[in-house]
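Encoded as structure tokens, the structure appears first; notes follow it.
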Amino acid sequence: MSAETIAKPGKVKLPENLVFGKIFSEHVFEMDYDSSKGGWQTPVIKKLENLSIHPAAMVFHYGQALFEGLKAYNLVDGRVAMFRPGKNIERLNSSARRLCMPEVDIEQILKWLTDLVCMDKDWIPDRPGHSLYIRPFMISTEPCFGVRPADQYKLMIMLSPVGPYYPEGFKPVPIMVVDQYVRAVRRGTGEAKAAGNYAASLIGQNQAKHEGFSQVLWLDAIEHKYIEEVGAMNIFVRFKNEIATPSLEGSILPGITRMSVIQILKDWGYTINERQISIDEMVAAYDKGELLEVFGSGTAAVISSVSKLKYNDKLMTFNETEAGELALKLYDELTGIQYGKIEDRHNWLTYVD
Ligand SMILES: *Cc1c(COP(=O)(O)O)cnc(C)c1O
């Protein structure tokens, strides 16, 4: 595309209040896989339309489905960039391995992804805090009731303009431990971005909502003792003398925001420990006044400060009205890099134009 044909981002008329994930851009990427035809077929970028899929497609019966989530931003200099997209495609491949689905060529998908975002960049709202949410996903499409890995798959990428996660500013959120269900177990599918993990977590999410909390803090599924993650976010704890985050033991999704937060904390000279953190340790630290801050990290909200944490009858409160100090600092740093306001010292941005 020549410079003249590239429209400035934000040209598409969008409603003031964008509800997350309800509006989709004009184009989608689609690539089919068929093991009898040598694997991945030639992909297309086409206008968004309904799919026609056989009702026996194995995804509907045995749930081979994975997804990814990342964002593209309008930078302050007028360019458009994605945040660490290569990491999402690497993670797509590791999820695919776990679910016996085919892996993709990372460089090839990155190129197509860049073309797709460039084509629909007018869909990135030109308003503060807005972005284009990118949703790659893969499903098994082979029609068959036999239980085995399918021979046919479909990989698609969709785009959705989204508003700021916190329209009224960076607000702390209340979370609670839900103990009678588990999200994922070590050696299970927890570290894959498998659609089924979400199906398993909805009941806990409902319970938290019912009790007036916005997210679930999941404990490990074996001892019900160690904190794992929050909804679709990884978790960080700031103790008086330490910053810690649960180590990846197989049941936690390895978040790219988590990875970036760890790097930034190291850049700033903090020691950050990846280790098991028990909920009892948190309660004990809280009672001594040594639990200073809890926050989540994930693509959607970037950083989420926690205002309250409920565990059985214990209610711990932190930053009830204002976000925690470190959470806010990290939020400003990460979004600063994402919008091109702060130097991208680790080359995390991939420009689409
Ligand atoms: C996607 C996801 C995260 C966050 O990952 P990011 O790459 O930082 O967006 C955390 N936990 C779960 C369960 C997730 O699905």
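Of the inter-residue distances, the one linking Ile139 atom CD1 with Leu99 atom CG reads 13.5 Å to the nearest 0.5 angstrom. Rounding to the nearest 0.5 Å places NZ of Lys308 at 8.0 Å from OG1 of Thr317. From Leu18, atom CG reaches atom CZ of Arg127 across 5.5 Å, with rounding to the nearest 0.5 Å. Here the straight-line distance linking atom CZ of Arg186 with atom CD of Glu223 works out to 6.5 Å at 0.5 Å rounding. The OH atom of Tyr226 sits 9.5 Å away from atom CG of Asp280, with the distance rounded to the nearest 0.5 Å. Note that CG of Leu75 and CD of Gln338 are 10.0 Å apart. Values are rounded to the nearest 0.5 Å.
Looking only at side-chain heavy atoms (C-beta outward), Glu211 and Gln207 come within less than 4.5 Å of each other. Here the side chains of Thr257 and Asn234 are not in contact, with every heavy-atom distance at 4.5 Å or above. Annotation: side chain of Arg345 is in contact with side chain of Ile264 (closest heavy-atom distance under 4.5 Å). Taking 4.5 Å as the limit, some side-chain heavy atom of Val104 sits within range of a side-chain heavy atom of Trp40. Under the 4.5 Å side-chain criterion, counting only non-hydrogen atoms from C-beta, Leu159 is not in contact with Ile124. Side-chain contact between Ile134 and Phe29: absent, with no pair of heavy atoms (C-beta onward) separated by less than 4.5 Å.
Contact between Glu228 and Ile235 at its shortest, heavy atoms only, is O-CG2, 3.7 Å. Between Gly69 and Asn88, the shortest heavy-atom distance links the atoms O-ND2, 3.0 Å. Across every non-hydrogen atom of Phe239 and Ala244, the tightest pair is CE1-CB, 4.3 Å. His54 and Phe60 get closest at one heavy-atom pair: O-CE1, 3.6 Å.
Open room surrounds CD on Glu322; 12 or fewer heavy atoms of other groups in view lie less than 6.0 Å from it. More than 12 heavy atoms of other residues, nucleotides or ligands lie within 6.0 Å of CG in Asn312, so this atom counts as buried by the packing criterion. Other residues, nucleotides and ligands place more than 12 heavy atoms under 6.0 Å from the CD atom of Gln108. More than 12 heavy-atom neighbours from other residues, nucleotides or ligands sit within 6.0 angstrom of CG on Leu51. Counting non-hydrogen atoms of other residues, nucleotides and ligands closer than 6.0 Å to NZ of Lys87 gives a total of 12 or fewer.
Salt-bridge check for Asp32 with Lys37: failed, with every basic side-chain N at 4.0 Å or more from each acidic carboxylate O. A salt bridge links Lys46 with Glu30: the distance from a Lys NZ or Arg NE/NH1/NH2 to an Asp or Glu carboxylate oxygen falls below 4.0 Å. A salt bridge links Asp287 to Lys314: at least one charged side-chain nitrogen sits closer than 4.0 Å to a carboxylate oxygen. The pair Arg258-Glu229 does not count as a salt bridge, with every side-chain nitrogen at least 4.0 angstrom from each carboxylate oxygen. Of the charged side-chain nitrogens involved, none lies within less than 4.0 Å of a carboxylate oxygen, so that Arg84 and Glu90 do not count as a salt-bridged pair.
Residues that satisfy the salt bridge (charged side-chain N to carboxylate O under 4.0 Å, His left out) test with Arg97, not counting sequence neighbours, are Glu103. For Lys209, the salt bridge (charged side-chain N to carboxylate O under 4.0 Å, His left out) criterion is met by no residue, not counting sequence neighbours.
Hydrophobic clustering of Ile, Leu, Val, Met, Phe, Trp and Tyr side chains at less than 4.5 Å, counting indirect connections, keeps Phe213 apart from Leu217.
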Query raised in the report: Please walk me through it: do Phe318 and Leu291 pass side chain to side chain contact (heavy atoms under 4.5 Å, CB included)?
Result: CA-CA 8 Å; Phe318 312 96; Leu291 184 56; 3.6 Å; yes
Requested in this report: Verify side chain to side chain contact (heavy atoms under 4.5 Å, CB included) between Phe24 and Trp123, making sure each step is shown before the conclusion.
Outcome: CA-CA 9 Å; Phe24 310 102; Trp123 287 81; over 6 Å; no
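Residues Gln205 and Tyr198 bring no donor and acceptor atom of their side chains to less than 3.5 Å of each other.
Side chain of Glu293 to main chain of Leu326: a donor-acceptor pair is present (N/O by atom type, distance under 3.5 Å, no hydrogens or angles).
Note on ring orientation: taking the six-membered ring where Trp is involved, the planes of Phe295 and Phe236 are parallel (angle under 30°, cut-offs 30° and 60°).
A ring pair (Phe, Tyr, Trp, His ring centres under 6.0 Å) with Tyr331 holds for exactly one of Tyr339, Tyr165, Phe170; it is Phe170.
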